[in-house]
Protein chains: 2
Amino acid sequence: MSDDRPVGEAVEDYTKAIYSLERRGDVVSPVSTNELAARLGVSAGSASAMVKKLDGLGLATHEPYHGVRLTDAGARVALEVLRHHRLLELFLMQELGLPWDRVHAEAEVLEHVLSEELEACIAAKLGHPATDPHGDPIPTHDLSVPESTTSSLEECPVGARGRFVRVSDADPEMLRYLAARDIRPGQDFAVVERQPFGGPTFATFADDDAVHPLGGELARAMRVELEPA
Amino acid sequence: MSDDRPVGEAVEDYTKAIYSLERRGDVVSPVSTNELAARLGVSAGSASAMVKKLDGLGLATHEPYHGVRLTDAGARVALEVLRHHRLLELFLMQELGLPWDRVHAEAEVLEHVLSEELEACIAAKLGHPATDPHGDPIPTHDLSVPESTTSSLEECPVGARGRFVRVSDADPEMLRYLAARDIRPGQDFAVVERQPFGGPTFATFADDDAVHPLGGELARAMRVELEPA
DNA sequence: GTGCGAGTTTAGCCTCGCCTCAACCTCGTC
DNA sequence: GACGAGGTTGAGGCGAGGCTAAACTCGCAC
């Protein structure tokens with residue numbers, strides 16, 4: 001085990017993508033070549049070729065015509081990169097004051113280049129944090145992730161209360177929108193009203209009385225933990 | 001001006017190498033293909049090809065059979081990378097506690113990847129420092145370098161006093177040796193004795209009475225500013 | 001002035017990593 | 001059992017960078 005011979009950036013990106021696609025639903029399930037291709041913005045042929053390569057590398061198992069799934073080794077690669085990404089996001093924000101909506105792009109490139117030694121220094125400096133600025137859990141040094149079950153804000157009935165725990169880091173627009181309103185993961189929230197037919201959800205955050213309208217797409221991206229009713 | 005289309009890492013490395021070779025002597029002079037090839041550990045043919053490419057890119061002027069020199073644009077590329085490198089070295093040491101002898105290797109890879117925005121954040125965080133941990137001057141944001149004239153410790157006559165200002169960051173062995181003896185750039189020194197025929201130089205540093213023997217190679221790598229006699 | 005060798009350049013070729021297009025194959029459904 | 005959506009394969013391209021070997025300069029030594 002522990003082959004660890006260096007692996008191109010593309011391999012890391014594919015692995016990361018498979019990891020995330022595998023657990024879209026509530027259960028880990030194989031990922032189709034096309035989904036993968038779409039996610040990464042490449043042709044189906046490219047994805048197919050890369051999947052074959054990952055299989056050869058022992059990072060994934062490819063059942064032709066039936067999708068791909070990561071092996072344990074593959075999951076480790078994905079989690080390693082994820083750990084880098086999230087540590088970097090937090091680090092860039094907290095230590096260097098980079099704006100919330102820009103840390104993702106920076107981390108996206110640095111994650112592939114961060115040495116283990118530097119990773120360790122950063123983790124130590126940050127006090128081995130459990131989540132990044134978006135509320136996403138940071139895999140621990142031994143690459144385990146405490147996956148909590150969350151629901152999206154859009155599913156919460158009017159009157160629900162709980163804690164806003166995370167939001168995807170992928171869309172800077174959303175992040176700017178939330179940042180401009182001082183809405184951050186970790187805050188308590190309450191759903192005040194929802195308009196029908198995919199209309200906005202109205203909610204309050206923290207101890208602030210202001211009611212914020214949150215469009216469908218946004219409400220869907222915001223993950224919350226409901227207060228045990 | 002300001003073409004700035006992305007340029008491979010190799011281009012940055014060659015540019016950096018030319019920059020440093022150009023000013024080995026006291027005066028900026030053309031660099032031969034062979035020197036360049038040797039410095040970078042590639043064949044003469046490869047170096048020649050790359051030099052031609054740099055010329056095409058407007059980063060260098062190549063006088064066939066007579067060497068290459070950087071254009072202003074080329075020097076800017078080199079200084080930009082140098083700035084990245086040295087800021088990173090200082091940052092890694094000061095903020096992340098990486099050991100002195102290891103920051104160079106880390107910086108060597110990160111320097112090619114650092115965005116301008118991050119560079120600015122790091123510089124600000126460090127208070128826009130003038131030198132890195134090895135005593136090398138950090139090019140300013142507008143890419144000027146205050147080059148001071150130094151001599152090597154090896155040239156200093158017995159009895160000379162002054163300040164140890166810098167040492168090459170390239171050899172981790174040397175750095176470990178110096179670090180283990182608490183010898184650092186910025187300290188005052190005095191040459192106590194020298195043995196003939198390339199023998200060691202004996203010197204004291206800071207307010208410490210300990211006399212340290214410094215082999216020829218090491219003494220040659222240590223740059224000092226002599227006290228105005 | 002010529003000759004010769006060290007230093008340069010050129011030419012041809014290779015590897016690696018990744019991508020595309022287009023043709024072809026499979027699976028599951030009707 | 002045929003059809004179409006989706007998956008796979010193969011041929012090929014491209015950029016970056018490197019290597020060898022042969023051909024060519026330049027300029028010093030005679």
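Worth knowing before you read on, the calculation uses all heavy atoms, side chains too, and leaves out hydrogens, waters and symmetry mates.
- Between A:Ser32 and D:dG6 there is no side-chain N or O to OP1 or OP2 distance below 4.0 Å.
- By the 6.0 Å contact criterion, CD on A:Glu63 is open, its count of non-hydrogen atoms from other residues, nucleotides or ligands being 12 or less.
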Enumerate the protein-to-nucleotides 8-12 of chain D contacts in which both atoms are nitrogen or oxygen and the separation is below 3.5 Å.
unit_1, atom_1, unit_2, atom_2, d
D:dT8, OP1, A:His62, NE2, 2.7
D:dT8, OP1, A:Tyr65, N, 2.9
D:dT8, OP2, A:Thr33, OG1, 2.6
D:dT8, OP2, A:Ser48, OG, 3.3

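- Side-chain contact, B:Thr131 with B:Arg166: no donor N or O sits under 3.5 Å from an acceptor N or O.
- For the residue pair A:Arg194 and A:Thr201, a side-chain donor N or O sits within less than 3.5 Å of a side-chain acceptor on the partner.
- As rounded to whole Å, 11 Å separates atom P of D:dG17 from atom CG of B:Leu57.
- D:dG17 atom P lies 9 Å from atom CG of B:Asp13, rounded to whole Å.
- Of the N and O atoms on the side chains of B:Asp132 and B:His85, not one donor lies less than 3.5 Å from an acceptor on the other residue.
- An OP1 or OP2 oxygen of C:dC19 is reached within less than 4.0 angstrom by a side-chain nitrogen or oxygen of A:Tyr14.
- In this structure, the CG atom of A:Leu36 is 14 Å from the C1' atom of C:dC19, given to the nearest Å.
- For residues 37-72 of chain B, no residue pair satisfies the ring-ring contact (aromatic ring centres under 6.0 Å, His included) rule, not counting sequence neighbours.
- Following rounding to the nearest Å, B:Asp55 (CG) and C:dT10 (P) show an atom-to-atom distance of 11 Å.
- Side chain of A:Val42, nearest nucleotide from C:dT20, D:dG17, D:dC19: C:dT20.
- If you measure from atom CD of A:Glu35 to atom P of D:dA5, you get 17 Å, rounded to the nearest angstrom.
- Between the CG atom of B:Leu54 and the P atom of C:dT9 there is a distance of 13 Å, given to the nearest Å.
- Rounding to whole angstrom units, CD of residue A:Glu12 and P of C:dG17 are separated by 13 Å.
- Remark: B:Glu217 CD is loosely packed, at most 12 non-hydrogen atoms of other residues, nucleotides or ligands lying under 6.0 Å away.
- Counting heavy-atom neighbours within 6.0 Å of B:Asp72 CG, excluding the residue itself, gives a total of 12 or less.
- Between the CD atom of A:Glu9 and the C1' atom of D:dA16 there is a distance of 14 Å, given to the nearest Å.
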